[in-house]
Amino acid sequence: MVAPSVVHWFRLDLRIHDNLALRNAINEAENRSHILRPIYVIHPEAKNRIGGNRLRFLIQSLNDLDANLRKLNSRLYILRGDASKCLPKVFKKWNVKYLSLQVDIDPEYIKQDEVIEKYCEENDIFVVKRVQHTVYDVHSVVKKNNGSIPLTYQKFLSLVKDTQVKEPIEVTKVLSEGCKPVDFDCKDYDVPTFSQLDFDESSLLECKYEGGETEALKRLNVYMAKKQWVCAFEKPNTSPNSIEPSTTVLSPYISHGCLSAKLFYHKLKQVESGNRHSEPPVSLMGQLMWREFYYTAGSGTENFDKMVGNPVCTQIPWKKNDEYLKAWAEGKTGYPFVDAIMRQLKQEGWIHHLARHMVACFLTRGDLWVSWEDGAKVFEDLLLDYDWSLNAGNWMWLSASAFFYKYFRVYSPVAFGKKTDKEGLFIRKYVPELKKYPTEYIYEPWKAPKSVQTTAGCVVGVDYPKRIVDHDKIHKENMQKMSAAYKLNKEKKSLKRPRPD
DNA sequence: ATACACGTTGTCGCA
DNA sequence: TTGCGACAACGTGTA
């Protein structure tokens with residue numbers, strides 16, 4: 001008979017600190033002298049399901065997690081396969097009695113959880129789930145709002161105003177030898193290398209943001225030490241096109257769970273305490289609350305990542321256009337600011353929030369009239385900080401499909417970037433073919449006389465694409481389409497909910 | 001009951 | 001240079 005085991009299943013909680021579910025598993029193993037197996041399941045198709053930069057970030061995070069677990073006399077056991085199929089097998093093989101995991105709300109995880117929990121119930125495995133990916137228990141926020149999701153940020157804030165946020169916990173206990181299995185040193189469970197995943201690492205550029213808890217805490221501490229900067233932080237006043245990020249870039253660490261949102265919350269409270277500071281929605285705390293807002297909305301809404309069947313999403317007749325979508329995704333729209341942002345995204349896996357506004361508006365209601373769902377899929381592939389709720393929620397916001405309705409506020413691909421980068425340095429970096437353009441034409445190269453284009457070594461239509469649409473004209477037409485869609489939507493709503501007499 | 005103010009982050013033209 | 005209103009708006013809280 002194999003000795004009984006306790007499993008902690010890591011998913012979007014790739015950290016030791018403030019990981020209650022992990023601590024529960026450790027305590028259970030210690031108290032009952034069971035074997036402890038912290039696991040992570042990699043799908044064999046991982047490299048086809050997530051973009052290269054994010055795969056690299058994930059592998060780095062797993063390696064760091066393994067190293068941190070080893071400091072506690074444990075390790076990470078990597079399993080390969082489809083979780084709902086491979087977990088029952090290893091649970092049997094390892095004689096698992098106890099499973100701990102974090103509550104995740106991405107439907108992919110929810111679906112897996114149902115299968116696993118059913119198996120556990122039938123096989124007498126005790127399951128412990130902990131809310132620790134968000135500051136608040138988003139399900140109880142919805143309950144507090146009588147079962148419906150808050151549709152405005154202010155409403156959300158009022159719902160959580162009086163909720164106490166528990167202090168983050170530390171996990172420092174070093175495990176007894178008795179909790180290690182005989183196959184502790186088995187290489188089969190090691191974090192895979194890129195080649196083991198059939199992934200060609202040389203296709204990636206230099207790594208700008210290294211994954212892992214260690215790096216996350218380092219970055220958190222660097223920014224929290226700048227007290228004045230934190231207290232003065234106002235998101236709308238940060239630049240989307242600075243050469244180095246004007247914001248913290250903690251998002252990839254929070255989305256992978258390398259950094260606890262709750263720890264970030266308490267660190268911010270500490271820094272703000274006793275000082276005059278900015279407030280939500282624009283403050284750093286406000287940014288964290290936006291995440292909570294979208295998590296709440298995502299957890300309480302059916303088909304949140306789709307337009308059809310999504311009760312909060314205005315139905316808009318977007319047009320399928322793979323040519324437009326491809327040009328946008330590859331940074332070949334002929335609008336240098338848009339292209340620079342999309343190329344930065346592809347190369348580095350992170351772009352500023354306002355840059356996301358610019359390109360999301362451009363793809364959808366602003367210029368190309370392509371569905372936000374198509375854009376969201378591209379972001380899912382390319383963003384290091386991809387997060388199911390935030391991605392869908394922000395795309396709906398920018399396409400004026402939900403939460404935001406002032407669709408006549410259209411970002412200009414020419415004017416918007418100039419506010420914070422007159423010289424176009426950002427464009428020159430990420431669209432190097434335009435590097436030598438005079439400042440006068442850097443945002444609008446098609447306006448440059450032929451002789452100027454030739455001198456700059458980049459002829460529009462030859463060395464750099466002609467602009468895909470005429471923004472000045474098309475955005476007006478699109479506004480009319482938005483207006484028509486809103487009108488239809490309103491009519492449908494009044495039909496569904498007739499006034500009671 | 002109904003009206004009204006207000007909301008993270010637009011742009012342009014005009015005074 | 002800066003400030004303001006117009007431009008195709010909806011959900012929510014308050015009066």
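By convention in this document, chain letters (A, B, ...) are assigned in the order of the sequence lines, proteins followed by strands, and residues within each chain are numbered from 1. Atoms considered below: every heavy atom in the structure, side chains included; atoms not considered: hydrogens, waters and symmetry mates.
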Value in whole Å for how far the P atom of B:dT8 lies from OH of A:Tyr153: 8 Å
Distance in angstrom units between A:Leu159 CG and C:dT12 C1', rounded: 12 Å
Scan nucleotides 13-15 of chain C against the protein and return all N/O pairs shorter than 3.5 Å with their distances rounded to 0.1 Å.
from: C:dG13; atom 1: OP1; to: A:Lys155; atom 2: NZ; distance (Å): 2.3

Pairwise side-chain hydrogen bond (donor to acceptor under 3.5 Å, both in side chains) hits with a residue in residues 296-312 of chain A, at least two apart: A:Asp305-A:Trp388
Contacts of A:Thr214 that satisfy side-chain hydrogen bond (donor to acceptor under 3.5 Å, both in side chains) - sequence neighbours left out: A:Asp64
Pi-cation contact, A:Trp369 with A:Lys481 (under 6.0 Å, within 45°): yes
A:Phe293 CZ to C:dT12 C1', straight-line distance once rounded to whole Å: 12 Å
Derivation of the side chain to side chain donor-acceptor pair (under 3.5 Å) call for A:Thr247 and A:His353: CA-CA 9 Å; A:Thr247 52; A:His353 186 64; over 6 Å; no
Where at least one partner belongs to residues 258-275 of chain A, residue pairs that pass salt bridge (Lys or Arg N to Asp or Glu O under 4.0 Å), sequence neighbours excluded: A:Asp18-A:Lys262
Euclidean distance for P, B:dG7 against C:dC4 (whole angstrom): 15 Å
Sugar-phosphate, base or nothing in reach of A:Val410, heavy atoms under 4.0 Å: sugar-phosphate
Aro-ring/base stack A:Trp290-B:dT8, d under 5.5 Å, angle under 30°: yes
Whole-Å distance separating the CG atom of A:Asn394 from the P atom of B:dT9: 13 Å
Parallel, tilted or perpendicular: ring planes of A:Tyr223 versus A:Trp229, cut at 30 and 60 degrees: tilted
Pairwise P distance, C:dG5 and B:dA5 [rounded to whole Å]: 13 Å
A:His475 and A:His471 aromatic ring geometry - parallel, tilted or perpendicular at 30°/60° bounds: parallel
Pair A:Asp339-A:Tyr464, side-chain donor/acceptor within less than 3.5 Å: yes
Listed nucleotide nearest any side-chain atom of A:Ala415, set C:dC10, B:dG7, B:dT11: B:dT11
Pairs involving residues 396-410 of chain A, ordered by first then second residue, that meet side-chain hydrogen bond (donor to acceptor under 3.5 Å, both in side chains) (sequence neighbours left out): A:Ser399-A:Ser401
side-chain hydrogen bond (donor to acceptor under 3.5 Å, both in side chains) contacts touching residues 103-114 of chain A (sequence neighbours left out): A:Arg11-A:Asp104, A:Arg11-A:Asp113, A:Arg49-A:Glu108, A:Gln102-A:Asp104, A:Asp113-A:Lys129
Interatomic distance, A:Phe416 CZ vs B:dT9 P [rounded to whole Å]: 11 Å
Proximal nucleotide (of C:dT12, B:dT8, C:dC10) relative to the A:Thr152 side chain: C:dT12
B:dT8 and C:dT2, which share atom name P, separated by this distance in whole Å: 26 Å
Members of residues 471-480 of chain A that approach DNA chain B, where some heavy atom sits under 4.0 Å away: none
Mutual orientation of the aromatic rings belonging to A:His256 and A:Phe57 [parallel < 30°, tilted 30-60°, perpendicular > 60°]: tilted
Among A:Leu22, A:Leu20, A:Leu263, A:Asn19, side chain to side chain contact (heavy atoms under 4.5 Å, CB included) partner for A:Ile169: A:Leu20
Stretch residues 298-315 of chain A: residues that reach within less than 4.0 Å of DNA chain B through a heavy atom: none
Short N-O contact, A:Glu215 and A:Lys218, less than 4.0 angstrom: yes
Secondary-structure stems, DNA chain C, at least 3 Watson-Crick or G-U base pairs under 3.5 Å: B:2-7 with C:10-15, B:10-15 with C:2-7
Check: A:Tyr441 and A:Val460 side chains under 4.5 Å, non-hydrogen atoms: no
Candidate pair A:Leu151 and A:Phe403, rule side-chain contact (heavy atoms from CB on, under 4.5 Å), full reasoning: CA-CA 6 Å; A:Leu151 287 166; A:Phe403 312 116; 4.2 Å; yes
Interface residues of residues 352-367 of chain A with DNA chain B (non-hydrogen, below 4.0 angstrom): A:His353, A:Leu354, A:His357
Near-ring test A:Tyr295/A:Tyr136, centroid separation under 6.0 angstrom: no
Result of checking A:Trp395, A:Phe337, A:Tyr411 against A:His357 for ring-ring contact (aromatic ring centres under 6.0 Å, His included): A:Tyr411
Sugar-phosphate, base or nothing in reach of A:Lys487, heavy atoms under 4.0 Å: nothing
Positions of residues 402-409 of chain A (non-hydrogen atom under 4.0 Å from DNA chain C), listed by number: A:Tyr405, A:Lys406, A:Tyr407, A:Phe408
Qualifying salt bridge (Lys or Arg N to Asp or Glu O under 4.0 Å) pairs, either residue in residues 356-375 of chain A, two or more places apart: A:Lys320-A:Asp374, A:Arg356-A:Asp385
Enclosure of A:Lys208 NZ (heavy-atom neighbours >12, cutoff 6.0 Å): yes
